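To start, the structure itself, in structure tokens.
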Protein chains: 2
Amino acid sequence: MFSKACEYAVRATLLVASHSLMDERVSVKDIAEATASPVAFTAKIMQQLNRGGILYSVQGKQGGFEMTREQMQATKLSQIVTLIDGDRVFTGCGLGLRECNAKKPCPLHERFSTVRGELKAMLDSTTVLDLALGLKDGLTFLRV
Amino acid sequence: MFSKACEYAVRATLLVASHSLMDERVSVKDIAEATASPVAFTAKIMQQLNRGGILYSVQGKQGGFEMTREQMQATKLSQIVTLIDGDRVFTGCGLGLRECNAKKPCPLHERFSTVRGELKAMLDSTTVLDLALGLKDGLTFLRV
DNA sequence: TTTAAATCGGATAAAATTATCCTGTTTAAA
DNA sequence: TTTAAACAGGATAATTTTATCCGATTTAAA
């Protein structure tokens with residue numbers, strides 16, 4: 001569904017958010033540990049999230065990553081997915097055709113569009129804050 | 001969403017089906033051309049579809065691929081997806097966690113399960129025959 | 001002021017996926 | 001019977017994705 005990079009990105013973002021809710025800053029090492037992700041790869045992804053404005057970094061000793069409550073509220077999951085994976089998952093043809101649309105549809109076009117629309121609606125209506133709250137309260141988890 | 005191999009597999013299967021509806025046998029070359037897919041890679045995929053019982057091959061000169069009407073009716077899209085990509089798309093966690101379930105859910109678990117269920121329902125309720133008919137009648141397409 | 005912790009970013013490596021090549025076998029038609 | 005078209009399947013190559021490494025820079029604390 002999503003690339004591994006994207007999965008790591010969402011997990012990392014939610015971890016940073018849940019800690020920011022408690023006014024804690026987290027390092028890449030912390031993030032990788034808490035989300036069971038490879039540390040160097042996670043570092044790369046954190047750079048993308050930072051450049052993309054999803055969260056922000058603080059450099060130097062005692063540095064790490066944080067999010068403002070505004071960022072948590074403003075950031076929909078669909079934005080993280082688009083930032084890392086592009087919009088292929090939201091707009092691409094189910095059978096991989098370059099040009100597939102209502103005028104010249106692939107055999108799966110209608111049915112697939114429906115499901116894809118529901119996926120997009122779900123990710124559009126879910127904010128980082130929505131999910132970070134359950135994580136902070138120990139109701140949900142980011143690793144086994 | 002699906003691997004390229006899986007996209008090619010569905011496209012190839014639907015092409016074979018639509019031709020079988022007209023009692024025509026198609027070669028790998030025909031299939032690759034009609035579905036805009038790489039021919040050698042398509043050949044590999046046809047072997048998987050043949051071994052998996054989705055369709056069948058006829059060897060030798062004038063050989064190629066065919067499907068019985070029974071195969072078209074019995075084969076759901078979900079079976080092709082499972083054959084080529086496994087069941088990860090139907091059962092996997094949205095955030096890529098190994099163990100993610102209602103007892104110990106990831107933050108996205110509930111919402112993602114819903115959408116994934118709709119995807120599975122759609123692919124479970126769609127047969128090859130359903131889609132091959134529109135293709136045969138020129139209502140849908142497999143390439144630009 | 002020095003030191004060490006931490007991010008930044010470029011280079012490289014490993015693994016998985018996608019794609020091609022080539023030889024052998026089967027079989028219909030010449 | 002010979003020939004050529006077509007699938008089967010193993011080996012290899014290219015590309016993309018995933019992952020690691022390392023030197024440079026930033027900055028808080030010793």
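The structure displayed is predicted, hence computed values, not measured ones. Lettering of chains follows the sequences in order, A, B, ..., and the numbering in each one begins at 1.
- Within the 4.0 Å cut-off from OP1 or OP2 of dA5(C), not a single side-chain nitrogen or oxygen of S27(A) is found.
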Practice task
Report the C-alpha distance between T42(A) and R11(A) in whole Å, list the side-chain angles of each, state the deciding distance to 0.1 Å, and finish with yes or no for side-chain contact (heavy atoms from CB on, under 4.5 Å).
Solution key: CA-CA 10 Å; T42(A) 299; R11(A) 277 155 47 189; over 6 Å; no
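- Taking a 4.0 Å limit (strictly below) on heavy-atom distances, residues 35-52 of chain A reaches DNA chain D at P38(A), A40(A), F41(A), K44(A).
- In terms of the side-chain hydrogen bond (donor to acceptor under 3.5 Å, both in side chains) criterion, Q71(A) has no residue partners (sequence neighbours excluded).
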For residues 103-112 of chain B, dump all side-chain donor-acceptor pairs below 3.5 Å to protein atoms at least two apart in sequence or in another chain.
from	atom 1	to	atom 2	distance (Å)
K104(B)	NZ	V144(A)	O	3.1
R111(B)	NH1	T126(A)	OG1	3.1

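- Residues passing the salt bridge (Lys or Arg N to Asp or Glu O under 4.0 Å) test with D124(B) are K120(B), sequence neighbours excluded.
- Between S57(A) and the phosphate of dC8(C), there is a side-chain N or O to OP1/OP2 separation shorter than 4.0 Å.
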Exercise for the section: Starting at the 5' end of nucleotides 23-30 of chain D, put B wherever the base has a protein heavy atom under 4.0 Å, S where only the sugar-phosphate does, and a dash everywhere else. Expected result: ---BBB--
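- Listed by first then second residue, pairs satisfying ring pair (Phe, Tyr, Trp, His ring centres under 6.0 Å) with a partner in residues 19-52 of chain B read Y8(B)-F41(B), not counting sequence neighbours.
- Annotation: side chain to side chain contact (heavy atoms under 4.5 Å, CB included) contacts of E33(B) (sequence neighbours excluded): R143(B).
- In the helix from dT1(C)-dA30(D) to dA30(C)-dT1(D), the rotation axis of the first five pairs and that of the last five pairs differ in direction by 10°, rounded to 10 degrees.
- Between L14(A) and L95(B), the closest side-chain pair of non-hydrogen atoms falls below 4.5 Å.
- Residue pairs meeting the ring pair (Phe, Tyr, Trp, His ring centres under 6.0 Å) criterion with at least one partner in residues 47-82 of chain B, sequence neighbours excluded, are absent.
- Residue L21(B) is tested with L133(B), D137(B), L135(B) for a side-chain contact (heavy atoms from CB on, under 4.5 Å); the sole match is L133(B).
- In this view, R25(A) and E66(A) satisfy the salt bridge (Lys or Arg N to Asp or Glu O under 4.0 Å) rule, not counting sequence neighbours.
- DNA chain D is contacted by no residue of residues 1-23 of chain B, taking any non-hydrogen atom closer than 4.0 Å.
- Looking at residues two or more places apart in sequence or on another chain, you find no side chain to side chain contact (heavy atoms under 4.5 Å, CB included) involving Q59(A).
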